[in-house]
K.L.:
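Have a look at the structure that comes next, please.
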Amino acid sequence: MVDARRGVQAKKVGDCTASGNPVGDKKRAGTVLRLLRHPAACLWIMLFQDYQTEGFFDEMFAGNGEVRPHYRRLYERFRNLTDEEFNQKRQAVDLSLWRQGVTFTVYGDSEGTERIFPFDLIPRIIPSTEWEFLERGLTQRITALNHYLYDIYHDQKIIGDGVIPESYVRSARHFRPEFVGIDVPRDIYIHVCGTDLIRNEKGEYLVLEDNGRTPSGVSYVLENRIAMKRAFPNLFNKAGVRPVATYPKELLKTLRYVAPGGKGHVVCAVLTPGVYNSAYFEHCFLAQQMGIEVVEGRDLTVSDDKVFMKTTQGLRQVDVLYRRIDDDFLDPTVFRKDSLLGVPGLVNAVRAGNVTLANCIGTGVADDKVMYYFVPRMIKYYLDEDPIISNVSTYLASEKEDMKYIMDHLPELVVKAANESGGYGMLVGPKASKAEVEKFRELIRAEPRNFIAQPTISLSRHPTYCDGVFEGRHIDFRPYILYGENVSIVPGGLTRVALRKGSLVVNSSQGGGSKDTWVLYGDE
Amino acid sequence: MILLSRVADCMYWLSRYIERAENTARMVDVNLQLLLDLERLDDSRITAHWEPLIKSTGDLALFNKFYEHADSESVTDFLTFNTGNPSSILSCVVTARENARMVRDKISTEVWEEINRLYHYVRSQSAKKIWASDPYDFYREIKQSSLLLQGLGDSTVVRDEGWEFLQVGRYLERAIQTNILVDVKYHILLPSTRDVGGAIDALQWMAVLRSCSGFEAYHHIYGADVQPWNVAEFLILSEEFPRSILFCLRYLDACIRTISGVREGRFSNHAGKLAGRLLYELNYSTVDDIFEAGLHQYLGNLQRRTEEIGQALYEAILFFPVVDHAKEIAGQTQKQDTLPGG
């Protein structure tokens with residue numbers, strides 16, 4: 001260990017290619033000479049000399065152009081990298097993702113075209129103090145949401161006490177009145193939550209939305225880290241990055257914790273819509289890491305309100321399903337009749353308490369974009385605390401005063417449909433044409449309950465490799481929160497980046513990419 | 001360890017399709033090379049050379065839908081890139097990968113990555129270019145990938161029930177493909193019986209041996225002289241050669257017995273019964289029996305019975321009865337109505 005370190009240090013002396021690549025001495029000497037003569041050939045300097053923060057909050061550079069303390073080690077390390085090396089690493093990472101088939105299928109493409117989710121090599125870094133703050137805020141939020149769901153599916157005190165108007169709950173598309181009065185194991189409804197966070201121009205973290213149904217993307221958190229480690233094997237120890245690889249273990253623990261009572265040996269499985277789903281890779285990846293089966297609807301059958309897998313040795317009962325199918329498609333006898341993905345009778349098995357679904361049916365009544373508006377009130381009501389992480393200020397089109405404001409300021413606002421996700425059904429006022437704005441004006445008037453509006457936030461930016469130079473690109477952040485015996489948040493998450501210049505939309509379906517996210521042990 | 005029926009099914013087809021792609025590559029490759037040795041390459045002779053390949057797989061009608069004549073280009077295209085042909089190399093690889101995708105948590109990363117690589121290779125424009133300029137290179141790539149997959153499987157995949165299904169698929173398909181290969185020879189011979197025993201005949205039998213990498217092994221056992229009955233004996237009844245039909249059936253029988261949990265000579269389902277029976281019949285056969293029955297007839301019968309094993313296996317173990325979705329929904333809905341507050 002000591003020897004190895006000394007070796008690395010020795011190499012570093014006068015060596016501009018500090019990545020530790022086993023390059024022949026001759027070549028290395030040549031590189032060094034070349035770099036000594038042309039210091040500008042060092043990638044970092046060359047590519048950053050024109051870097052502009054343009055008045056946005058930049059994750060890496062403070063307003064005065066100085067590198068923020070928690071980025072310094074990375075900066076030092078990368079500044080010694082040559083352009084060539086950096087590009088080699090970039091290509092190697094892309095190729096490895098491609099080989100592994102870490103791809104998503106482009107919907108609506110009959111050729112079945114597959115793409116890798118573009119991956120940017122410059123990691124996003126979060127210092128430990130900031131992370132602790134986020135952990136507290138996210139824990140508070142998921143706790144309140146689970147209280148709220150329990151309440152809505154039991155006594156509805158929050159409505160009775162006039163904190164949330166009943167009409168909003170009743171009209172939420174994902175509210176499942178048929179589950180009112182049904183108990184779920186340990187009173188937990190959302191077991192896995194992906195909460196989208198952004199930072200505004202002051203660098204304050206804000207919650208953009210809660211994904212409490214079937215949030216996806218966590219496999220990228222793990223895969224991106226593996227890719228980074230392959231590309232920069234020497235970087236991690238020194239940078240003090242907390243590992244993320246424990247996520248599958250924590251997820252399995254959470255699933256087992258909510259198994260129907262009294263089971264000694266718990267059988268869990270991942271329920272996938274199948275190989276054509278864009279997140280299919282993730283379903284397999286998680287199942288494999290947890291050592292459980294990936295099942296499709298057709299692998300399951302319900303008998304006596306119990307759920308069974310069809311195996312080569314006969315039927316085998318399942319206790320917990322980590323389901324990645326939306327409520328609507330779970331059970332054709334209850335929800336969408338045309339769904340071939342689901343399992344007839346599954347809902348009855350859930351109601352009978354013989355199988356647990358994670359997340360529960362009906363959690364969508366908490367992550368509806370209108371309900372989002374009420375989350376700070378839920379926190380106050382159930383926990384008697386002020387929200388640690390704030391919401392983005394939000395206007396409800398169904399409120400008279402808010403509606404007036406929305407109509408008056410539409411070109412400045414971001415408008416979102418209450419029940420859509422993936423960046424669809426959205427208007428970014430400042431970027432939209434006049435016609436688009438007017439189209440939305442009509443849509444909002446026609447169905448006020450279905451729309452909210454928010455001021456356009458200047459999302460924070462992060463240096464990102466774009467066509468040979470580094471430029472600031474807007475980013476967001478999705479940590480993954482597990483709610484089992486306790487709340488567990490893997491130190492990291494998915495940082496998504498809007499690769500198109502100026503774009504605020506980070507979704508993979510709309511030209512987004514991702515970055516590895518480093519949570520540090522310390523603050524530097 | 002439990003094994004989902006659907007997963008077993010995918011494992012089985014995954015290896016069947018890879019094996020099929022490999023054998024098709026072998027067959028086309030060797031026939032392309034054989035063409036170089038033929039004299040008087042007029043149209044009819046070229047057709048006579050290629051048509052048997054299509055006939056012996058029973059795809060002539062399908063072929064005629066796409067092409068007017070059987071010649072080097074049309075036949076190799078049909079067997080290589082035609083997506084309308086479910087057994088073309090491209091179709092096989094695409095289907096194999098689709099199956100692998102469904103079970104990628106059950107196969108090793110190494111196996112998955114190689115299948116994925118092969119998939120991207122056969123779909124790429126560069127593969128088409130390589131194929132056009134140097135077909136041997138292209139087919140070698142297919143063969144080697146298949147062999148690599150077997151090696152990777154051997155050294156990285158867990159030996160559980162899923163593994164047995166991979167083996168069942170592989171040996172079943174290989175038995176079928178070797179059968180086709182020998183039978184192609186019958187079709188080639190058919191139009192010009194005067195060639196029997198002549199130089200061309202020997203060349204063609206040598207080509208058959210090469211297609212299944214049996215050239216050296218044959219010479220090792222039988223010496224330099226290539227005799228039709230020796231080649232037939234070698235490819236059908238050899239106990240040592242890993243692509244002979246007997247060899248494949250012996251493995252097939254062993255895998256089915258492992259899955260069913262019975263000892264040698266016994267069976268617990270129809271598939272096991274058929275496999276055991278066919279194996280023992282071959283065990284006690286000689287090449288004279290084969291020629292007495294007529295090579296083509298004998299092979300046809302053998303092929304039918306091999307495919308029956310696959311079918312029986314499907315019904316006995318893999319196949320979970322197709323759920324009548326409408327009926328199931330009706331049944332469950334009815335139950336729900338009887339629940340209080342449903």
Side-chain angles (χ1 to χ4, degrees), chain A residues 96 98-101 103 111-112 114 178 180-182 267 269-270 272 274-276 280-281 283-305 309-316 331-334 337 339-340 342-349 351-352, chain B residues 1-12 94 97-110 112-117 119-120 123 161-162 164-165 259-261 313 316-339 341-342:
Chain A
S96 128
W98 179 250
R99 278 217 187 110
Q100 291 169 57
T103 51
E111 292 271 289
E114 291 171 28
E178 53 273 63
V180 171
I182 305 279
V267 177
V270 177
T272 175
V275 70
Y276 297 107
Y280 180 75
F281 160 75
H283 308 158
C284 280
F285 180 87
L286 290 173
Q288 186 175 33
Q289 302 265 315
M290 291 190 281
I292 65 179
E293 300 296 320
V294 185
V295 296
E296 296 179 16
R298 59 188 162 131
D299 294 324
L300 300 178
T301 183
V302 177
S303 164
D304 280 343
D305 288 340
M309 296 191 266
K310 300 168 189 167
T311 81
T312 53
Q313 314 287 341
L315 297 179
R316 178 83 188 259
D331 183 344
T333 63
V334 180
K337 309 278 178 263
S339 168
L340 293 173
V343 188
L346 181 59
V347 168
N348 276 344
R351 288 155 63 117
Chain B
M1 274 304 286
I2 60 155
L3 182 67
L4 291 177
S5 299
R6 178 178 54 82
V7 170
D9 186 37
C10 288
M11 302 285 250
Y12 169 77
V94 168
R97 194 234 193 194
E98 201 75 333
N99 279 290
R101 234 155 88 83
M102 285 198 247
V103 297
R104 63 171 291 175
D105 57 318
K106 293 287 181 291
I107 51 181
S108 64
T109 307
E110 285 84 354
W112 160 251
E113 286 190 10
E114 178 55 25
I115 292 176
N116 201 36
R117 192 199 61 79
Y119 167 84
H120 288 304
R123 274 170 52 109
E161 206 185 331
E164 299 298 334
F165 279 100
I259 293 167
S260 318
L313 185 81
I317 302 164
L318 289 179
F319 181 74
F320 44 90
V322 173
V323 178
D324 182 344
H325 218 74
K327 213 172 136 194
E328 184 110 333
I329 290 175
Q332 295 285 359
T333 311
Q334 210 172 24
K335 261 180 68 193
Q336 201 172 331
D337 291 341
T338 62
L339 273 179

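Reckoned from all heavy atoms, side chains included, excluding hydrogens, waters and symmetry mates. Proteins come first, then strands; the chains are lettered A, B, ... in the order of their sequence lines, and each starts at number 1.
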K.L.:
Taking Arg316(A) for the side chain and Ile2(B) for the main chain, is one N or O donor matched with an acceptor at less than 3.5 Å?
P.N.:
no

K.L.:
Do you know which two heavy atoms are closest between Val275(A) and Met102(B), and how far apart they sit?
P.N.:
CB-CG, 3.9 Å

K.L.:
Which of the residues Cys284(A), Ala287(A), Gly291(A) is involved in the greatest number of heavy-atom pairs with chain B at under 4.5 angstrom?
P.N.:
Cys284(A)

K.L.:
Has Arg117(B) got more than 12 heavy atoms of other residues, nucleotides or ligands less than 6.0 Å from its CZ?
P.N.:
yes

K.L.:
Sort Leu315(A) into side chain, backbone, both or neither according to what part of it lies under 4.5 angstrom from a heavy atom of chain B.
P.N.:
neither

K.L.:
Between the side chain of Ser5(B) and the main-chain N/O of Thr311(A), is any donor-acceptor distance below 3.5 Å?
P.N.:
yes

K.L.:
Mind listing the closest non-hydrogen atom pair of Trp112(B) and Arg99(A) along with its distance?
P.N.:
NE1-O, 4.2 Å

K.L.:
What is the minimum heavy-atom distance between Val103(B) and Tyr280(A), and which atoms define it?
P.N.:
N-OH, 4.4 Å

K.L.:
Can you confirm whether Glu293(A) sits close enough to Lys106(B) that some side-chain heavy atom of one is under 4.5 Å from a side-chain heavy atom of the other?
P.N.:
yes

K.L.:
Where on Phe281(A) is there a heavy atom nearer than 4.5 Å to chain B: the side chain, the backbone, both, or neither?
P.N.:
side chain

K.L.:
If every non-hydrogen atom of Glu98(B) is compared with every non-hydrogen atom of Tyr276(A), which pair is closest and at what distance?
P.N.:
OE2-OH, 2.8 Å

K.L.:
Relative to chain B, which of Glu296(A), His283(A), Gln313(A) shows the most heavy atom pairs under 4.5 Å?
P.N.:
Glu296(A)

K.L.:
With a 4.5 angstrom heavy-atom cut-off, which part of Glu114(B) approaches chain A: side chain, backbone, both or neither?
P.N.:
neither

K.L.:
Provide the closest heavy-atom pair for Val295(A) versus Arg6(B) in the form atom of the first, atom of the second, distance.
P.N.:
CA-NH2, 3.9 Å

K.L.:
Is chain B contacted by the side chain of Gln289(A), its backbone, both, or neither, given a heavy-atom distance below 4.5 Å?
P.N.:
neither

K.L.:
Under the criterion side chain to side chain contact (heavy atoms under 4.5 Å, CB included), which of Val7(B), Asp105(B), Leu4(B) is the partner of Val294(A)?
P.N.:
Asp105(B)

